[in-house]
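No experiment lies behind these values; they were computed from the predicted model shown.
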Amino acid sequence: MDKKTVIQTLEAIATYMEIKGENTFKVSAYKKAARALETVPETLDEIDEAVKLDGIGKGTASVIEELKATGRSTLHDELAASLPDGLLPLLKLPTLGGKKVGKLYQELGITDIATLRQACVDHKIQDMPGFGVKSEEKILAAIEAFNTRPERISIAVASKAADYIYEQLKKMSGIIQFELAGSLRRVEETVKDIDWIIATEHPEQIKDQLLQLDGIAQVIGAGDTKVSIELGIEDLVVGVDFRLVTNGEFASALLHFTGSKEHNVKLRQLAKERGEQVSEYGVFNKENGETKVFETEEDFYHHFDLAYVPPEARLGKDELVAIKDQKPYPSVADIQSDLHMHTVWSDGAHSIQEMAHAAAEKGYTHIAITDHSQYLKVANGLTEERLKEQHQQIKELNNSLDIHLLTGVEMDILPDGQLDYPDEMLKDIDFVIASIHSSFQQKEEVIMSRLKSALFNPHVDLIAHPTGRLIGRREGYAVNVKQLIKWAAESGTALELNASPQRLDLKAEWIKLAVESGVPIAINTDAHHKDRLAYIQYGVGIARKAGIPIDSIMNTWSKERLITYLKLEKSKRFK
DNA sequence: GCCGTTTTCGGCCCGACTGTTTTCAGTCG
């Protein structure tokens, strides 16, 4: 039994119950349990007692345990026997929720997408109470588009779309200020749509301009405070929501629509205990009937004597703390170096000098040049001779540059566990990264023994993108991350938080565990182009999500401190 | 179904928008 199946089973139970008209809180309890399971990084086997997880209680835990033990869930099977399973996907269609799907099933005998589609074509839907001509049209249109677009898009793709929208908004007139909100602002790995908050005195004027944006595929809704569209950008259709508020309401709205939902719920509960009510328009005081608005999100938190929480950390867990208990979150300004990047020597786009200049412009004091090693022929990996030549050049450049370059390499861990260069070669390199780029399909034992050989090599300083995943595109190889972290701690090898939005590898939950295990983290962009050095912001965002201290991030260390660290034997590095 | 420095019962965030109504239910975030 794998975790994904358990999550899907819990979700299916919730959906069946929704259609049956079960108590909504019961329904959401099952949904919440599915999310709780999804959020913890452990595999199913690694979770000892599911009931201990936040959001999982006796009832949902028993479903999980039964699935683990027998591979089946009695509750699920009973529900499935009472309703056609073709009904489940119907809830993904717009305008259809549990109540309406239940009605369609009971009154029209609709059992799946196909019968629903036929009912639309036969115009049977529009005569149902609660439905109408427009509902029928919308449902039919959505069925035709079903499966042609993904439910969630990766942060990398969404960020590109957001950049485009940002440029459009900048050009509009009548906007006082605007900002990205939602899961993209929280640096979630995947997002469903892109949310923006716009402060304006003239919502009508903004609305008109928004509805004239290039590339609108469909207008979902256009009210006084909300414009919701589907935007075609290149070959992608992405949902975009704009909220129009007054400037006074801006901070409250931004907070509200940044979420997460769970974070908002916690804030609202807290407010309620104080006799106040939180909405996207501010904080309503039930005693004096006044609604307080705030200049900034920070002011909002401080109103409740809470420390500011950056968007990435708004998880609805334990991030709400009193001002006096504020712990500093890492920010891009703390970053002094980038320790993984490529140049034209292998598959990068720029020379060493160009990368160095770009890094210096970002205010970095030092960087590591880490081109690919010889095994990676497709990336023009460097032979021992070329690597030595490159390092010679780097040493010479250090005399003329105002940023310090560390000699480095991103060395392949070969399919048989051998490293791509001999120790004799590695011992003179300032910063040695090891990583896997081949034979992804190997069994976990093989992958782990490859990683182990790199971790326990005396010269390997860092394991880059440890799981090899590409968000939304590739799962990565079979890594036991807990074991990897344990070995990293034992061997004195740091782990990477690859900041590329395609990777974000390791993910936040693992980064947290690594730091708790005493392993320092390097947030690196792995940039193959100088513009990609900007990806550092995503990595720092994930670090904030992980809630790790600034000092656990190697890139925040001064050049001197890093060099001293790297000169230590690995066994003496982690203290 | 879950949860608990007002606890083992009685709450569970709050509001917008749409399409259907003729004052509101359902959906959505």
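Heavy-atom neighbours of A:E295 CD from other residues, nucleotides or ligands within 6.0 Å: at or below the threshold of 12.
Going from atom CZ of A:R243 over to atom P of B:dC14 covers 17 Å, rounded to whole Å. To the nearest angstrom, C1' of B:dG15 lies 14 Å from CZ of A:F284. Rounded to an integer number of Å, the gap from CG of A:L267 to P of B:dG15 is 15 Å. Straight-line distance from the CD1 atom of A:I125 to the P atom of B:dT20: 12 Å, rounded to whole Å. Rounded to a whole Å, the CD1 atom of A:I197 is 14 Å from the P atom of B:dG29. Summarising the geometry, the separation between CD on A:Q269 and C1' on B:dC2 is reported as 11 Å, rounded to the nearest angstrom. With rounding to whole Å, A:R185 atom CZ is found 17 Å from B:dG29 atom C1'. Remark: C1' of B:dC3 and NZ of A:K52 are 18 Å apart, rounded to the nearest angstrom.
Across all strands, A:K261 comes closer than 4.0 Å to base atoms (heavy-atom distances). Residue A:G182 is classed as having no contact, given no heavy-atom separation below 4.0 Å to the nucleic acid. If you check every strand for non-hydrogen atoms under 4.0 Å, A:V133 touches sugar and phosphate atoms only. Heavy atoms of A:A33 sit nowhere under 4.0 angstrom from any nucleic acid atom. Among the protein residues, A:L270 comes within range of no part of the nucleic acid, since none of its heavy atoms lies under 4.0 Å from any strand. Using a 4.0 Å heavy-atom distance criterion, A:G259 is classed as making no nucleic acid contact. Among the atoms of the strands shown, only primed sugar atoms or phosphate atoms (P, OP1, OP2) are found under 4.0 Å from some heavy atom of A:P94. When heavy atoms are screened at a 4.0 angstrom cut-off, A:Y281 is found touching the sugar-phosphate backbone but no base atom.
OP1 or OP2 of B:dC12 has not a single side-chain nitrogen or oxygen of A:T24 nearer than 4.0 Å. Taking 4.0 angstrom as the limit, A:T225 places a side-chain polar atom (N or O) nearer than this to OP1 or OP2 of B:dC17. At the phosphate of B:dC13, neither OP1 nor OP2 sits under 4.0 Å from any side-chain N or O atom of A:Q277. Contact check, A:T60 against B:dC2: a side-chain N or O comes under 4.0 Å of OP1 or OP2.
With B:dG19, B:dG1, B:dC14 as the choices, the nucleotide that has an atom nearest any side-chain atom of A:K138 turns out to be B:dG19. Nearest to the side chain of A:K58, among B:dG29, B:dA16, B:dC2, sits B:dC2. Of the candidates B:dC14, B:dG1, B:dG19, B:dG1 carries the atom nearest the A:K26 side chain, counting heavy atoms from C-beta on. In this structure, the nucleotide among B:dG29, B:dC14, B:dA16 sitting nearest to the side chain of A:K272 is B:dC14. Residue A:D224 places its side chain closer to B:dC17 than to any other of B:dG15, B:dC17, B:dT27. Minimum atom distance to the side chain of A:D193 is reached by B:dG29, of the listed B:dC13, B:dG29, B:dG1. Side-chain atoms of A:K226 lie closest to B:dC17 of the nucleotides B:dG1, B:dC17, B:dC13. Checking B:dG29, B:dA16, B:dC3 against every side-chain atom of A:D241, the shortest atom distance belongs to B:dG29. Nearest nucleotide to the A:F25 side chain, out of B:dC14, B:dG1, B:dT6: B:dG1. The side chain of A:K134 has B:dG19 as its nearest neighbour among B:dT27, B:dG19, B:dA16.
The line from CD1 of A:I511 to CD1 of A:I548 is 6.0 Å long, rounded to the nearest 0.5 Å. Note that the CH2 atom of A:W510 and the CD atom of A:E42 stand 5.0 Å from one another [nearest 0.5 Å]. Between A:S517 atom OG and A:K486 atom NZ the span is 10.0 Å, to the nearest 0.5 Å. Interatomic distance, A:L315 CG to A:R186 CZ, rounded to the nearest 0.5 Å: 8.0 Å. If you take CG on A:N285 and NZ on A:K292, they are separated by 10.5 Å, rounding to the nearest 0.5 Å. Atom CD1 of A:I64 sits about 11.5 Å away from atom CE of A:M1, to the nearest 0.5 Å.
Distance noted for atom C1' between B:dG10 and B:dG15: 24 Å (whole Å). Atom name C1', nucleotides B:dC17 and B:dC12: the rounded distance is 24 Å, in whole Å. For the P atom pair drawn from B:dC13 and B:dC3, the interatomic distance equals 14 Å after rounding to whole Å. A distance of about 24 Å separates the C1' atoms of B:dT5 and B:dG1, rounded to the whole Å. Annotation: B:dT6 and B:dG11 have their C1' atoms spaced 13 Å apart (nearest Å). With C1' as the reference atom, B:dT23 and B:dG19 are 13 Å apart, rounded to whole Å. Taking atom P on both B:dT21 and B:dG26, the two are 13 Å apart, rounded to the nearest angstrom. For the P atoms, the distance from B:dT22 to B:dC28 is 23 Å, rounded to whole Å.
A residue-by-residue look at A:R268 and A:L91 shows that A:R268 has its nearest nucleotide of DNA chain B further toward the 5' end. Residue A:G221 is the one, among A:K103 and A:G221, whose nearest nucleotide of DNA chain B lies closer to the 5' end (criterion: closest heavy atom).
Using Watson-Crick or G-U wobble geometry with both donor-acceptor distances under 3.5 Å, B:dT8 finds no partner in any strand shown.
With A:I13 as reference, A:H76 is the one residue of A:H76, A:K31, A:E78, A:E22 to meet the side chain to side chain contact (heavy atoms under 4.5 Å, CB included) rule. Partner A:Y105 forms a side chain to side chain contact (heavy atoms under 4.5 Å, CB included) with one of A:D112, A:L90, A:I110, A:L87 and no other, that one being A:L87.
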